[in-house]
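The structure under discussion appears below in the form of structure tokens.
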Amino acid sequence: MLDKYIGDKKFYKNFMLIAIPIMIQNLISNFVNMLDNIMVGQVGTAQMSGVSVVNQVLLVMNMCIFGATSGAGIFTAQFAGARNYEGVRHTVRFKILVCLLICFAGITIYASYGRELIMLFLKGEGSAQEAEQYLSYGLKYLAVMLWGIIPFALSNVYFSTLRENEQTVVPMVAGIIAVLTNLCFNYILIFGKFGAPAMGVEGAALATVISRFVELFIAAGWTHAHAKQMPFVKGLYSSFRIPMSLVKSMMVKGMPLVLNEGFWSGGMAMLNQCYSLRGLSVVAAINISTTISNLLNCSVIALGNAVGIITGQKLGSGAGEEEVISSTRKLCAFAVAFSLFFAALDIALSGVFPHIYNTSLEVRILASDFIRIFAIFMPFIAFTNAAYFTLRSGGKTMVTFLFDSCFVCCVSVPVAYVLSRF
């Protein structure tokens with residue numbers, strides 16, 4: 001039993017060499033997001049909630065971009081494992097084109113219907129004056145954030161491709177520099193330090209946009225400056241020709257991922273919209289609870305990413321089926337065991353973290369309850385996340401589509417809809 005679920009030191013060393021840089025990048029990114037959230041929360045509950053609602057709306061497009069890069073990334077990892085750099089080049093071009101298409105569609109929708117989308121989350125109990133304040137801050141934040149969508153998408157293209165070519169350190173370093181940039185500009189622009197104007201939520205958005213351009217500059221700059229290590233960049237932009245047979249394969253395997261991420265994030269937005277009907281205080285409480293829970297959950301997500309990369313590389317290198325299955329089983333077991341520590345930490349912080357915010361007692365009590373509920377389910381999230389990336393790396397994207405976004409949209413959302421309204 002132990003041999004079946006536990007590997008040797010070499011096995012975990014190889015795994016953590018890939019997982020730790022992703023984990024550190026995610027951890028630092030989420031930590032700075034948490035500080036960003038706290039800074040905005042110090043200004044006021046209305047500002048914090050307005051930003052939170054917009055981030056929920058933007059999440060749908062961000063997850064579609066993630067799905068697009070991940071779908072093509074299945075082929076990128078397999079081409080990289082086989083040292084087929086022409087194949088890698090084709091997949092990168094595909095990622096860029098699809099991500100730009102998603103960006104233009106998203107910008108058009110948000111610019112045209114931003115007010116309507118934000119108002120969907122402001123229909124709960126609370127005064128009309130409060131709702132108007134939330135809307136006003138949300139629209140200001142959204143107007144600035146739209147400028148960071150394209151650099152965010154292109155950074156994701158480079159980061160995903162580097163990871164699939166076993167280069168996880170550069171995305172980590174770029175992520176660290178970007179989030180530190182975000183943190184510094186947050187402090188300066190939100191509160192008006194060092195002679196800068198106090199811009200509040202607009203300052204928070206501007207800091208995020210600046211950090212995304214910094215991230216893209218580092219990711220693209222390093223990749224093209226190290227063509228020997230990353231041969232796929234040679235002639236990458238000389239042409240955007242992609243073999244039609246490969247396009248069809250990536251569409252067949254990748255489209256379920258794009259749809260999955262889109263429907264999943266849309267489903268999560270609908271869930272939060274259902275929760276928000278119980279009152280504007282719930283909007284604030286969810287924002288606080290997800291901030292700390294996402295920070296602690298990012299390590300679990302990173303492990304899932306690493307599972308997918310390792311499995312994809314093994315499949316691309318021609319490893320036997322038994323070897324791949326054995327490896328994945330051990331990685332899933334490790335992810336679940338690892339999550340127990342963070343679940344305990346989440347529970348321990350549930351009564352303390354909400355008190356950092358400048359908000360009401362009702363919001364703090366709700367936030368504490370939400371944090372504890374999330375912590376209880378963290379081991380289940382760890383397993384399903386590892387299973388998701390395992391299935392995806394083997395091309396079983398339709399299965400992941402069914403148990404991930406279809407479940408959220410067909411079960412979770414209808415139940416929340418009924419409970420919140422009836």
Side-chain angles (χ1 to χ4, degrees), residues 1-2 4-7 11-12 15-16 18-35 37-38 41 52 55-56 59 63 264-265 267-268 271-272 275 282 284-308 310 328-357 363-392 400 403-405 407-408 411-412 415-416:
M1 180 66 74
L2 291 178
K4 189 175 181 180
Y5 290 99
I6 299 176
F11 174 81
Y12 291 117
F15 174 56
M16 295 308 287
I18 293 175
I20 287 177
I22 301 174
M23 201 180 298
I24 291 174
Q25 182 189 355
N26 288 352
L27 184 65
I28 292 175
S29 178
N30 277 278
F31 181 70
V32 174
N33 286 342
M34 181 183 75
L35 293 179
N37 192 276
I38 292 172
S52 172
N55 284 331
Q56 279 292 324
L59 178 66
M63 293 306 294
W264 178 84
S265 54
M268 296 307 292
L271 282 175
N272 282 315
Y275 302 154
V282 177
I286 288 175
N287 177 55
I288 294 172
S289 65
T290 52
T291 299
I292 183 64
S293 297
N294 286 347
L295 174 67
L296 297 178
N297 197 42
C298 68
S299 297
V300 174
I301 301 298
L303 291 178
N305 270 279
V307 171
I310 290 174
T328 304
R329 184 190 297 119
K330 292 169 183 173
L331 293 176
C332 288
F334 180 76
V336 173
F338 195 75
S339 70
L340 293 173
F341 168 75
F342 287 100
L345 186 59
D346 212 8
I347 292 173
L349 293 172
S350 63
V352 179
F353 184 75
H355 289 272
I356 298 174
Y357 289 81
V363 171
R364 288 171 179 163
I365 293 172
L366 279 171
S368 295
D369 290 341
F370 291 157
I371 292 170
R372 283 190 284 269
I373 291 168
F374 182 86
I376 292 169
F377 283 94
M378 194 177 286
F380 298 95
I381 294 170
F383 175 75
T384 53
N385 186 60
Y388 171 88
F389 281 100
T390 299
L391 291 167
R392 198 188 72 184
T400 61
F403 84 66
D404 195 12
S405 62
F407 181 84
V408 169
V411 179
S412 302
V415 170

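Predicted, not measured: the structure shown is a model, and the values here were computed from it. Side chains included, hydrogens not; waters and symmetry mates left out as well; all remaining heavy atoms used.
Applying the salt bridge (Lys or Arg N to Asp or Glu O under 4.0 Å) test to R372 and every residue at least two apart in sequence or in another chain returns D369. Residues that satisfy the ring-ring contact (aromatic ring centres under 6.0 Å, His included) test with F389, not counting sequence neighbours, are absent from this structure. With sequence neighbours excluded, the residues forming a side chain to side chain contact (heavy atoms under 4.5 Å, CB included) with A284 are T45, M48, S49, V363, listed by chain and number. Remark: Y275 pairs with no residue by the side-chain hydrogen bond (donor to acceptor under 3.5 Å, both in side chains) rule, at least two apart or across chains. When the ring-ring contact (aromatic ring centres under 6.0 Å, His included) test is applied to Y388, no partner is found at least two apart in sequence or on another chain. Annotation: side chain to side chain contact (heavy atoms under 4.5 Å, CB included) contacts of A367 (sequence neighbours excluded): A285, I288, P354. Legend: residues meeting side chain to side chain contact (heavy atoms under 4.5 Å, CB included) with M268, ordered by chain and number and at least two apart, are W264, L271, V408. With sequence neighbours left out, S405 forms a side-chain hydrogen bond (donor to acceptor under 3.5 Å, both in side chains) with N260. Taking the side chain to side chain contact (heavy atoms under 4.5 Å, CB included) definition, one finds that D346 meets it with I292, S293, L296, I371, F374, A375, M378, sequence neighbours left out.
Taking CD1 of I376 as the reference point, atom CD1 of I381 lies at 11.0 Å (rounded to 0.5 Å). Between the OG atom in S368 and the CD1 atom in I347 there is a gap of 12.5 Å [rounded to 0.5 Å]. Annotation: the span from F383 atom CZ to T390 atom OG1 amounts to 8.5 Å, rounded to 0.5 Å.
Between Y357 and F353, the ring planes are perpendicular. Angles over 60° get that label, and only those under 30° would be called parallel.
Counting heavy-atom neighbours within 6.0 Å of F377 CZ, excluding the residue itself, gives a total of 12 or less.
Contact detail for F407 and F403: the closest heavy-atom pair is CB-O, 3.5 Å. Listed here is the closest heavy atom pair of C332 and A387: SG-N, 4.4 Å. For the pair P379 and S339, the tightest heavy-atom approach, listed with the atom from each and the gap, is CA-OG, 3.2 Å.
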